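Being a predicted model, the structure only gives us computed values, none of them experimental.
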Amino acid sequence: SIGTKPTFDGRERVIEVHILDRQWDLYDNQLTVFFHRFVRPQRRFGSEAELFAQVHRDIAEARIFFATPSKVECTGE
């Protein structure tokens with residue numbers, strides 16, 4: 001996610017990355033992020049529960065996308 005966290009009245013632009021199926025502590029580390037496709041525009045949700053439900057749907061969509069090898073091209077190491 002790249003945005004301002006409108007559900008939480010955020011003003012500062014932040015980047016949030018979900019790394020699926022791994023439990024790494026990557027805080028304070030530098031990452032290289034590749035964008036593969038746009039999922040949805042940023043929006044304000046009525047509650048944290050609505051936001052979390054949408055994030056789970058976004059993750060499910062990402063899993064389907066990455067489960068299709070012909071759609072994913074990754075360059076680099």
Side-chain angles (χ1 to χ4, degrees):
S1 171
I2 300 175
T4 58
K5 297 185 177 184
T7 301
F8 302 103
D9 296 322
R11 304 254 186 263
E12 181 179 329
R13 186 168 296 240
V14 296
I15 298 174
E16 296 177 329
V17 177
H18 287 258
I19 299 174
L20 305 178
D21 305 321
R22 298 286 187 262
Q23 297 296 319
W24 296 324
D25 180 2
L26 296 174
Y27 285 96
D28 298 319
N29 286 284
Q30 186 173 6
L31 302 175
T32 300
V33 178
F34 295 92
F35 296 95
H36 292 275
R37 76 182 283 261
F38 183 79
V39 176
R40 66 174 170 83
Q42 176 177 271
R43 64 173 276 229
R44 181 182 182 94
F45 291 89
S47 68
E48 282 185 38
E50 288 178 29
L51 169 62
F52 294 150
Q54 181 61 57
V55 168
H56 286 286
R57 289 190 295 272
D58 296 343
I59 290 170
E61 185 176 332
R63 286 184 187 286
I64 291 167
F65 176 81
F66 284 107
T68 309
S70 63
K71 292 184 178 183
V72 180
E73 293 181 20
C74 186
T75 58
E77 298 176 29

- Task: Evaluate the ring planes of Phe66 and His36, with Trp represented by its six-membered ring, and classify them as parallel (under 30°), tilted (30 to 60°) or perpendicular (over 60°).
- Result: perpendicular
- Item | Residues that Leu20 engages under side-chain contact (heavy atoms from CB on, under 4.5 Å), provided they are two or more places apart | His18, Ile59, Arg63
- Item | For Arg13, all residues meeting side-chain hydrogen bond (donor to acceptor under 3.5 Å, both in side chains), sequence neighbours excluded | none
- Query: Out of curiosity, does Ile64 fall in the hydrophobic cluster containing Val39 (side-chain heavy atoms, cut-off under 4.5 Å, transitive links)?
  - Reply: no
- Could you tell me which residues satisfy side-chain contact (heavy atoms from CB on, under 4.5 Å) with Tyr27, sequence neighbours excluded, listed by chain and number? Asp25
In residues 43-54, what donor-acceptor pairs under 3.5 Å come from side-chain atoms, sequence neighbours left out?
residue : atom : partner : partner atom : Å
Arg44   : NH1  : Pro6    : O            : 2.5
Arg44   : NH1  : Asp9    : OD1          : 2.7
Arg44   : NH2  : Asp9    : OD1          : 3.2
Ser47   : OG   : Ala49   : N            : 3.4
Ser47   : OG   : Glu50   : N            : 3.1
Glu50   : OE1  : Gly46   : N            : 3.2
Gln54   : OE1  : Arg57   : NE           : 3.4
Gln54   : OE1  : Arg57   : NH2          : 2.8
Gln54   : NE2  : Asp58   : OD1          : 2.7

- Task: Could you tell me whether the side chain of Glu12 and the main chain of Thr4 form a donor-acceptor pair under 3.5 Å?
- Result: no
- Message: Quick check on the hydrophobic clustering: are Ile15 and Phe34 connected, directly or via other members, by side-chain heavy-atom contacts under 4.5 Å?
- Response: no
- Message: As an exercise, state the distance from CG of Leu26 to CD1 of Ile19, rounded to the nearest 0.5 Å.
- Response: 4.5 Å
- Message: Applying side-chain hydrogen bond (donor to acceptor under 3.5 Å, both in side chains), can you list everything that pairs with Asn29, at least two apart in sequence or on another chain?
- Response: none
- So with a 6.0 Å cut-off around CZ of Arg37, is the heavy-atom count from everything else above 12? yes
- Message: Hydrophobic cluster membership, with links at side-chain heavy-atom distances under 4.5 Å among I/L/V/M/F/W/Y: are Phe8 and Val14 in one?
- Response: no
- For Glu16, all residues meeting side-chain hydrogen bond (donor to acceptor under 3.5 Å, both in side chains), sequence neighbours excluded: Lys5
